[in-house]
Amino acid sequence: MSSDPHPRLRIAAINFLNPAPLMWDFEHPPINAQLSQRYHIDRMSPSECADRLASGQADIGLIPIAALAVNPALRILPCCTIASKHRVRSLLLVHRANRPLAALRSVAADIASRTTLAYTRMLFHHWGNPDVPFVPAFADLDAMLEITDAAILIGDPALLALEEQANRFERTSEELVYLDLAEEWIALMGVPFVSAVWGTTAWGSPLVESISSDLSQSRIHGLENIDTLVAEWSKKLPIAEQTIRTYLSTNIHYILDEECIEGMKEFFRTAARLGILPQYDLAI
């Protein structure tokens with residue numbers, strides 16, 4: 001934290017569609033003006049959020065949950081999450097139809113989220129291909145498939161890849177399989193797929209309760225204003241309004257409930273057992 005007696009808390013936020021309801025009060029009147037006096041927001045990739053928080057360049061961050069095992073000093077603000085209890089649409093493994101999962105030789109991995117990579121590595125253990133190499137790559141499906149047999153896409157690039165699926169087949173005549181990673185995890189483990197939570201290094205600060213309240217209220221108001229978010233985001237992304245509405249209201253689950261906590265515990269247990277992440281005992 002800054003030595004300024006009245007600092008604005010620095011929030012590292014994700015620059016994708018999926019956290020839009022969580023950010024409602026920070027971006028819309030009448031509360032945004034008040035919150036802007038207390039918080040400063042920067043937007044970036046999920047992995048960058050975790051790095052900013054770990055390095056002390058942010059006070060609050062919407063972090064991929066894998067960061068908690070890598071940096072145990074991080075603590076969860078118990079109010080919100082980005083999770084899925086069914087299909088999520090924005091976490092994809094795309095591979096060529098003529099090469100089964102057990103025979104994939106390499107996977108181009110969007111570098112934006114370490115948590116998605118950990119989930120996918122666990123799924124590859126189940127698919128009988130635990131050591132397939134992940135090649136870091138930027139989120140461009142065509143470019144990724146030029147160098148590997150498959151690609152991991154997250155966030156808006158995954159949503160756009162689904163929208164462009166038919167056009168890509170017409171353009172390339174290449175048959176691809178689009179696997180929803182949350183759907184695969186839930187079918188295998190029977191628990192929700194939890195991607196991110198609000199995290200902080202300021203645990204024990206008297207501010208924590210008020211921060212959690214601000215974040216919770218913003219989520220509540222965001223979920224009450226899905227139609228407005230749909231109208232806003234349909235101008236930013238070439239995706240049908242109904243798809244955005246379903247994504248924000250059905251595909252993504254925003255409340256850190258007991259089911260999601262159990263999903264996180266299973267994630268950490270399995271990741272540690274398979275040697276994907278260090279041992280981590282979740283405490284909320």
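All residue numbers refer to positions in the sequence shown, counting from 1.
- Hydrophobic clustering, with ILVMFWY side chains joined whenever heavy atoms are under 4.5 angstrom apart, keeps Val107 apart from Leu141.
- At a threshold of 4.0 Å, the pair Glu163-Arg89 counts as salt-bridged, since one of the basic side-chain nitrogens sits closer than that to a carboxylate oxygen.
- How far CG of Leu92 is from CG of Leu160: 10.5 Å, rounded to the nearest 0.5 Å.
- The structure places CD1 of Ile226 at 9.0 Å from CH2 of Trp24, a figure rounded to the nearest 0.5 Å.
- Lys236 has no carboxylate O lying under 4.0 Å from a charged side-chain N of Asp156, or vice versa, which leaves the two without a salt bridge.
- Here the shortest heavy-atom pairing between Ile82 and Pro19 reads CD1-CB, 3.8 Å.
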Worked verdict on His86 versus Glu183 for side-chain contact (heavy atoms from CB on, under 4.5 Å): CA-CA 6 Å; His86 307 284; Glu183 200 168 39; over 6 Å; no
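- There is no path of hydrophobic side-chain contacts, each under 4.5 Å, that joins Leu181 to Leu145.
- Between Gln217 atom CD and Cys80 atom SG the span is 10.0 Å, to the nearest 0.5 Å.
- Among all heavy-atom pairs drawn from Ser84 and Asn251, the shortest one is OG-O, 3.1 Å.
- Summarising the geometry, atom CG belonging to Leu17 is positioned 4.5 Å from atom CG belonging to Leu248; distances are rounded to the nearest 0.5 Å.
- For Pro78 against Ile76, the heavy-atom pair with the smallest separation is CD-O, 3.4 Å.
- A salt bridge is defined here as a Lys NZ or Arg NE, NH1 or NH2 lying under 4.0 Å from an Asp or Glu carboxylate O, and Arg171 with Glu164 meets this definition.
- Note on Ile63 and Leu282: same hydrophobic cluster, where clusters join Ile, Leu, Val, Met, Phe, Trp and Tyr whose side-chain heavy atoms are under 4.5 Å apart, directly or indirectly.
- Closest non-hydrogen pair, His95 versus Ala150, comes out as CB-CB, 3.6 Å.
- The closest side-chain heavy-atom distance from Arg99 to Arg105 is below 4.5 Å.
- Put simply, the side chain of Arg10 gets close to the backbone of Gly56: a donor and an acceptor are under 3.5 Å apart.
- Taken to the nearest 0.5 Å, the CD1 atom of Ile11 stands 10.0 Å off from the CZ atom of Arg38.
- Environment of CD in Gln242: crowded, with over 12 heavy atoms of neighbouring residues, nucleotides or ligands closer than 6.0 Å.
- A salt bridge links Arg114 to Asp51: at least one charged side-chain nitrogen sits closer than 4.0 Å to a carboxylate oxygen.
- In this structure, Glu174 pairs ionically with Arg96, as a charged nitrogen and a carboxylate oxygen lie closer than 4.0 Å.
- Side-chain atoms of Pro157 and Phe16, non-hydrogen and from C-beta on, do get closer than 4.5 Å to each other.
- Between the CG atom in Asn18 and the CG atom in Leu91 there is a gap of 8.0 Å [rounded to 0.5 Å].
- The local environment of NE2 in His221 is crowded, with over 12 non-hydrogen atoms from other residues, nucleotides or ligands closer than 6.0 Å.
- Side-chain atoms of Ser218 come within 3.5 Å of backbone atoms of Leu22 as a donor-acceptor pair (strictly under, hydrogens ignored).
- Between the side chains of Glu209 and Ser212, no donor N or O sits under 3.5 Å from an acceptor N or O.
- Between the side chain of Thr115 and the backbone N or O of Ala66 there is at least one donor-acceptor pair closer than 3.5 Å.
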Apply the test side-chain hydrogen bond (donor to acceptor under 3.5 Å, both in side chains) to residues Asp257 and His253: give CA-CA distance (whole Å), side-chain angles for both, the deciding distance (0.1 Å), then the verdict. CA-CA 10 Å; Asp257 56 23; His253 177 80; 3.0 Å; yes
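- Judged purely by distance below 3.5 Å, without hydrogens or angles, the side chains of Thr81 and Tyr254 never pair a donor atom with an acceptor atom.
- A salt bridge links Glu27 with Arg43; the closest basic N to acidic carboxylate O contact falls under 4.0 Å.
- Between the side chain of Gln34 and the backbone N or O of Ile31, no donor-acceptor pair lies under 3.5 Å.
- A donor-acceptor pair under 3.5 Å is absent between the side-chain atoms of Asp149 and the main chain of Leu104, judged by distance alone.
- A salt bridge is defined here as a Lys NZ or Arg NE, NH1 or NH2 lying under 4.0 Å from an Asp or Glu carboxylate O, and Arg245 with Asp227 meets this definition.
- No side-chain donor-acceptor contact under 3.5 Å links Asp25 to the backbone of Asn32.
- Using cut-offs of 30° and 60° on the angle between ring planes, the pair Tyr119 and Phe267 is tilted.
- Using a 4.0 Å cut-off between charged nitrogen and carboxylate oxygen, Arg87 and Glu184 do not count as a salt-bridge pair.
- Without hydrogens or angle criteria, Thr120 side chain to Thr116 main chain gives a donor-acceptor distance under 3.5 Å.
- No donor-acceptor distance shorter than 3.5 angstrom exists from the side chain of Asn225 to the backbone of Thr228, with no hydrogens or angles considered.
- Crowding of Phe138 atom CZ: a count of heavy atoms from other residues, nucleotides or ligands under 6.0 Å not exceeding 12.
- Side-chain atoms of Thr172 come within 3.5 Å of backbone N or O of Arg168 as a donor-acceptor pair.
- Both the sub-6.0 Å distance and the 45° axial angle are satisfied by Arg121 relative to the ring of Phe134.
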Would you sort out whether Tyr39 and Asp59 count as a side-chain hydrogen bond (donor to acceptor under 3.5 Å, both in side chains), showing the intermediate values? CA-CA 10 Å; Tyr39 300 96; Asp59 305 302; over 6 Å; no
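- Panel note: side chain Ser90, backbone Leu159; no donor-acceptor pair is recorded below 3.5 Å.
- Classified by interplanar angle (parallel below 30°, tilted 30° to 60°, perpendicular above 60°), the ring pair Trp127/Phe124 is perpendicular.
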